[in-house]
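First the structure, in the form of structure tokens, and then the observations on it.
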Amino acid sequence: MIVIVTGSAGYIGGQTMLVLKDAGHEVYGIDFRQPPEHLRGVPDGFLYQDFASDAALSWIIQKQPNAIIHCAGTSLVGPSVKNPSEYYNNNVAKTLKLLDIVKQSMPRCRLVFSSSAATYGEPIMNPIHEVDPKEPVSPYGESKLMIDMMLESYHRAYGTDYVSFRYFNACGADPEGRHGQEPGATHLIARFLEATRDDGQFSIYGDNYPTADGTCVRDYVHVDDIARAHALALYHKIPAGVYNLGSNQGFSVKQVIEAAGTITGKMPFVSTEARRAGDPPELTASPTKFDMVVGAWRHHNLDAMIQHAWNWYVRQDKKV
Ligand code: UFG
């Protein structure tokens, strides 16, 4: 298949390109950021442009892809509260442009979208099912939910074909060490491992939540499993719609850092700070809807997520 990946210089877009190339597809990347050195040469072609620019949209039409995997977007909860304009423009307005060219010029192209658990806000019940209330608590979550709604409206009205994945907590790195998270990422495993590697300090954001050990519980998903889910979504036997990508297995912050300490054999200095605004105590996914369609798609457990990420961080350090 011919597949275009937007946001291809990023963490999830980059891993998706690797998995698609491994599977033998013809893959094109598009990103306004230069691809990191380790991703150069992976796709069959790369356009250094904003995906919603006129030049990029013409380039996409000219390629006539079977699918577009749309990972581009701004994706941090906290900054979205301070600067919502960036999120509605970058995520919603630009994706609408992409949707319109798909509708007009590529009606058979499948759009696979990177949505988020942030669309659910603070759930009343865990695990969260796709049909549960969606009450995002940040402009980031709102922007992702708006796009999910646009995709469904276009599907109903114009037959636009789509799959939207609501990722829970993406983590880990390429199992073969070819790609991983960029330095300075703010996510738990990334921060903890960088602090471990650099003999630095790590802060737990709150230990007085209503959970078993007082720290927040999340559903961690290996980036390689997420990328493989995107590859599966190229096939139209997966009905159009929204799917959670998670495992219904929650781990607390303390459980994650304990597992990481065992794998790395060392610990950074750990302190406990105040809660971070907007963190729900628990977020776990019901993955049943996607499981029912594709069968087993998760191949990596929490230890593998941490081990692969650790391999990546150690390797990056050696290159410096
Ligand atoms: N945490 C710490 N210390 C850190 C970093 C994180 O204690 O240095 C804690 C957070 O408070 C949270 C947990 O680790 O309890 C996980 O935090 P992350 O930042 O790794 O991930 P989030 O759960 O905040 O973010 C995820 C997705 C987002 C999505 C959000 C919805 O990455 O895309 O869930 O709540 F929007």
Side-chain angles (χ1 to χ4, degrees), residues 9-15 18 36-39 75-79 117 167-209 211-227 245-247 249-284 298-320:
Y11 176 47
I12 294 174
Q15 188 66 29
L18 285 168
E37 212 172 292
H38 61 267
L39 288 178
S75 63
L76 291 174
V77 174
Y167 311 151
F168 279 64
N169 287 62
C171 62
D174 179 53
E176 292 170 38
R178 297 170 295 178
H179 179 57
Q181 228 162 346
E182 54 277 11
T186 59
H187 299 105
L188 167 63
I189 293 176
R191 275 222 171 132
F192 187 80
L193 293 180
E194 283 195 308
T196 305
R197 182 193 64 190
D198 302 338
D199 296 321
Q201 183 268 343
F202 175 81
S203 305
I204 298 175
Y205 296 142
D207 64 355
N208 57 356
Y209 283 94
T211 58
D213 65 17
T215 62
C216 289
V217 171
R218 293 290 181 271
D219 189 334
Y220 294 90
V221 196
H222 198 299
V223 67
D224 186 53
D225 285 334
I226 290 180
L245 289 188
S247 65
Q249 245 203 310
F251 292 96
S252 71
V253 173
K254 281 187 179 166
Q255 285 175 317
V256 170
I257 66 180
E258 202 179 300
T262 306
I263 286 167
T264 62
K266 55 185 201 155
M267 273 290 203
F269 176 75
V270 177
S271 63
T272 302
E273 288 189 17
R275 292 181 177 193
R276 187 173 69 175
D279 273 341
E282 183 174 346
L283 277 179
T284 51
R298 286 177 303 275
H299 298 293
H300 305 289
N301 61 16
L302 183 70
D303 283 353
M305 299 177 212
I306 296 169
Q307 182 69 63
H308 295 152
W310 180 237
N311 296 346
W312 173 252
Y313 285 117
V314 171
R315 188 174 149 223
Q316 293 311 298
D317 192 40
K318 288 196 179 124
K319 276 172 35 186
V320 180

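Here the closest heavy-atom approach between residue Arg218 and residue Pro281 is recorded as NH1-O, 3.6 Å. Between Asp303 and Ala259, the shortest heavy-atom contact is OD1-CB, 4.1 Å. Minimum heavy-atom separation, Ile226 to Tyr167: CG2-CE2, 3.6 Å. Minimum interatomic distance between Ala190 and Ala185 (heavy atoms only, all atoms of both residues): CB-CB, 3.9 Å. Between Val221 and Gly246, the closest heavy-atom pair is CG2-CA, 3.7 Å. Heavy-atom minimum distance, Ala309 versus Ile189: CB-CG2, 4.3 Å.
The salt bridge (Lys or Arg N to Asp or Glu O under 4.0 Å) contacts involving residues 253-262 comprise nothing, where partners must be two or more places apart or lie in separate chains.
Between His179 and Tyr11, the ring planes lie tilted relative to each other; the angle falls in the 30° to 60° range.
A salt bridge links Glu194 with Arg197; the closest basic N to acidic carboxylate O contact falls under 4.0 Å.
Rounded to the nearest 0.5 angstrom, Trp312 CH2 and Gln307 CD are separated by 15.5 Å. Interatomic distance, OG1 of Thr262 versus CD1 of Ile306, reported as 8.5 Å (0.5 Å rounding). The distance from atom CG of Leu188 to atom CG of Leu193, rounded to the nearest 0.5 Å, is 8.5 Å. In this structure, Glu282 CD and Cys216 SG are separated by 9.5 Å, a value rounded to the nearest 0.5 Å. To the nearest 0.5 angstrom, Tyr209 atom OH is 5.0 Å from Arg275 atom CZ. Taking CG from Leu302 and CD1 from Ile263, the interatomic distance works out to 7.0 Å, rounded to the nearest 0.5 Å.
Side chain of Asp207 to backbone of Gly214: no donor-acceptor contact under 3.5 angstrom is found. No side-chain donor-acceptor contact under 3.5 Å links Arg298 to the backbone of Leu245.
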> Should Val223 and Ile12 be marked as a side chain to side chain contact (heavy atoms under 4.5 Å, CB included) after you check the CA-CA gap, both sets of side-chain angles, and the distance that decides it?
Replying inline: CA-CA 6 Å; Val223 67; Ile12 294 174; 4.0 Å; yes
>> Could you go through Gln255 and Val217, starting from their C-alpha distance and side-chain angles, then the distance that decides it, and tell me whether this counts as side chain to side chain contact (heavy atoms under 4.5 Å, CB included)?
In response: CA-CA 9 Å; Gln255 285 175 317; Val217 171; 5.7 Å; no
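For the side chain to side chain contact (heavy atoms under 4.5 Å, CB included) test with Ser203, the passing option among Arg191, Arg276, Glu273 is Glu273; the others fail.
With no hydrogens or angles considered, a side-chain donor-acceptor pair links Gln201 and Ser271 at under 3.5 Å.
For the pair Pro175 and Asp224, the minimum side-chain heavy-atom distance is below 4.5 Å. Phe192 has its side chain out of reach of His187: every pair of non-hydrogen atoms, C-beta onward, lies at least 4.5 Å apart. By the 4.5 Å heavy-atom criterion applied to side chains, Ile204 and Ile257 are counted as neighbours. Counting heavy atoms from C-beta on, the side chains of Gln181 and Tyr313 come closer than 4.5 Å.
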